[in-house]
Amino acid sequence: HKLLSLDKTSDIDEFSAYFRNKTVLLMAKMDGITCSLTYENGNLVKAETRGNGEFGENVLHNAFVFSNLPVKIPYTGRLCVDGESIIDYDTFNKARKEV
């Protein structure tokens, strides 16, 4: 399925006008890599980046390296989970030294 980036604005007046009569919750954004995970019968079978929005890069081989990413879940059937993959600077720099 498509993983398109949301339109962004840096104009505070445009932002305020859009949300003028709406209730909103704002939070700090952490930038990372959008990733889509697919589980079948509880097993991780696909991990892809957003790529160009229509075609992403297969990163399943990388997904098995992360200790906090479950490769098995208690779910029967097919489940797709979309989210943001992030890494802190200390961990990133440590990984770079190990390569």
Side-chain angles (χ1 to χ4, degrees):
H1 60 281
K2 293 181 180 182
L3 290 172
L4 302 175
S5 181
L6 298 175
D7 288 336
K8 299 174 185 168
T9 184
S10 57
D11 183 307
I12 193 67
D13 293 328
E14 179 185 339
F15 179 84
S16 297
Y18 180 81
F19 288 106
R20 180 163 288 123
N21 297 319
K22 298 176 177 77
T23 302
V24 298
L25 171 68
L26 302 178
M27 61 186 211
K29 181 187 182 297
M30 298 183 80
D31 199 14
I33 298 173
T34 299
C35 193
S36 179
L37 307 176
T38 303
Y39 293 89
E40 289 184 5
N41 295 317
N43 297 304
L44 180 63
V45 296
K46 189 188 292 187
E48 298 175 302
T49 64
R50 176 175 42 215
N52 67 6
E54 294 212 24
F55 299 100
E57 181 180 355
N58 178 355
V59 293
L60 182 60
H61 57 287
N62 293 337
F64 290 113
V65 175
F66 297 102
S67 60
N68 62 346
L69 184 95
V71 295
K72 288 188 169 287
I73 60 172
Y75 184 81
T76 302
R78 182 178 174 92
L79 177 68
C80 294
V81 180
D82 296 336
E84 196 81 1
S85 302
I86 60 169
I87 187 169
D88 63 61
Y89 285 115
D90 290 340
T91 305
F92 177 75
N93 289 326
K94 181 181 175 190
R96 286 184 59 191
K97 288 178 184 176
E98 293 175 3
V99 174

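In this view, L69 and L37, L44, A63, F66 satisfy the side-chain contact (heavy atoms from CB on, under 4.5 Å) rule, not counting sequence neighbours. Listed by chain and residue number, nothing satisfies the ring-ring contact (aromatic ring centres under 6.0 Å, His included) test with F64 (two or more places apart in sequence, or in another chain). Looking at residues two or more places apart in sequence or on another chain, you find no salt bridge (charged side-chain N to carboxylate O under 4.0 Å, His left out) involving R20. The side-chain contact (heavy atoms from CB on, under 4.5 Å) check on N21 picks up nothing, with sequence neighbours excluded. Residues that satisfy the side-chain contact (heavy atoms from CB on, under 4.5 Å) test with T91, not counting sequence neighbours, are I87, D88. By the salt bridge (charged side-chain N to carboxylate O under 4.0 Å, His left out) test, E57 pairs with no residue at all, sequence neighbours left out.
Note that CD1 of I33 is 11.5 Å distant from CD1 of I86, once rounded to the nearest 0.5 Å.
For residues 65-74, the set of pairs meeting the side-chain hydrogen bond (donor to acceptor under 3.5 Å, both in side chains) definition, not counting sequence neighbours, comprises N43-K72. A salt bridge (charged side-chain N to carboxylate O under 4.0 Å, His left out) check over residues 61-70, counting only residues at least two apart or in different chains, returns nothing. Counting only residues at least two apart or in different chains, salt bridge (charged side-chain N to carboxylate O under 4.0 Å, His left out) contacts with residues 61-71 are absent.
Although no hydrogens or angles enter the test, the distance criterion places no donor-acceptor pair under 3.5 Å between the side chain of N41 and the main chain of T76.
Under the 4.5 angstrom side-chain criterion for Ile, Leu, Val, Met, Phe, Trp and Tyr, V65 has no cluster partners at all.
Counting non-hydrogen atoms of neighbouring residues, nucleotides and ligands closer than 6.0 angstrom, the CZ atom of F19 exceeds 12 such neighbours.
Shown are V45, V71, I73; of these, the side-chain contact (heavy atoms from CB on, under 4.5 Å) with Y39 is made only by I73.
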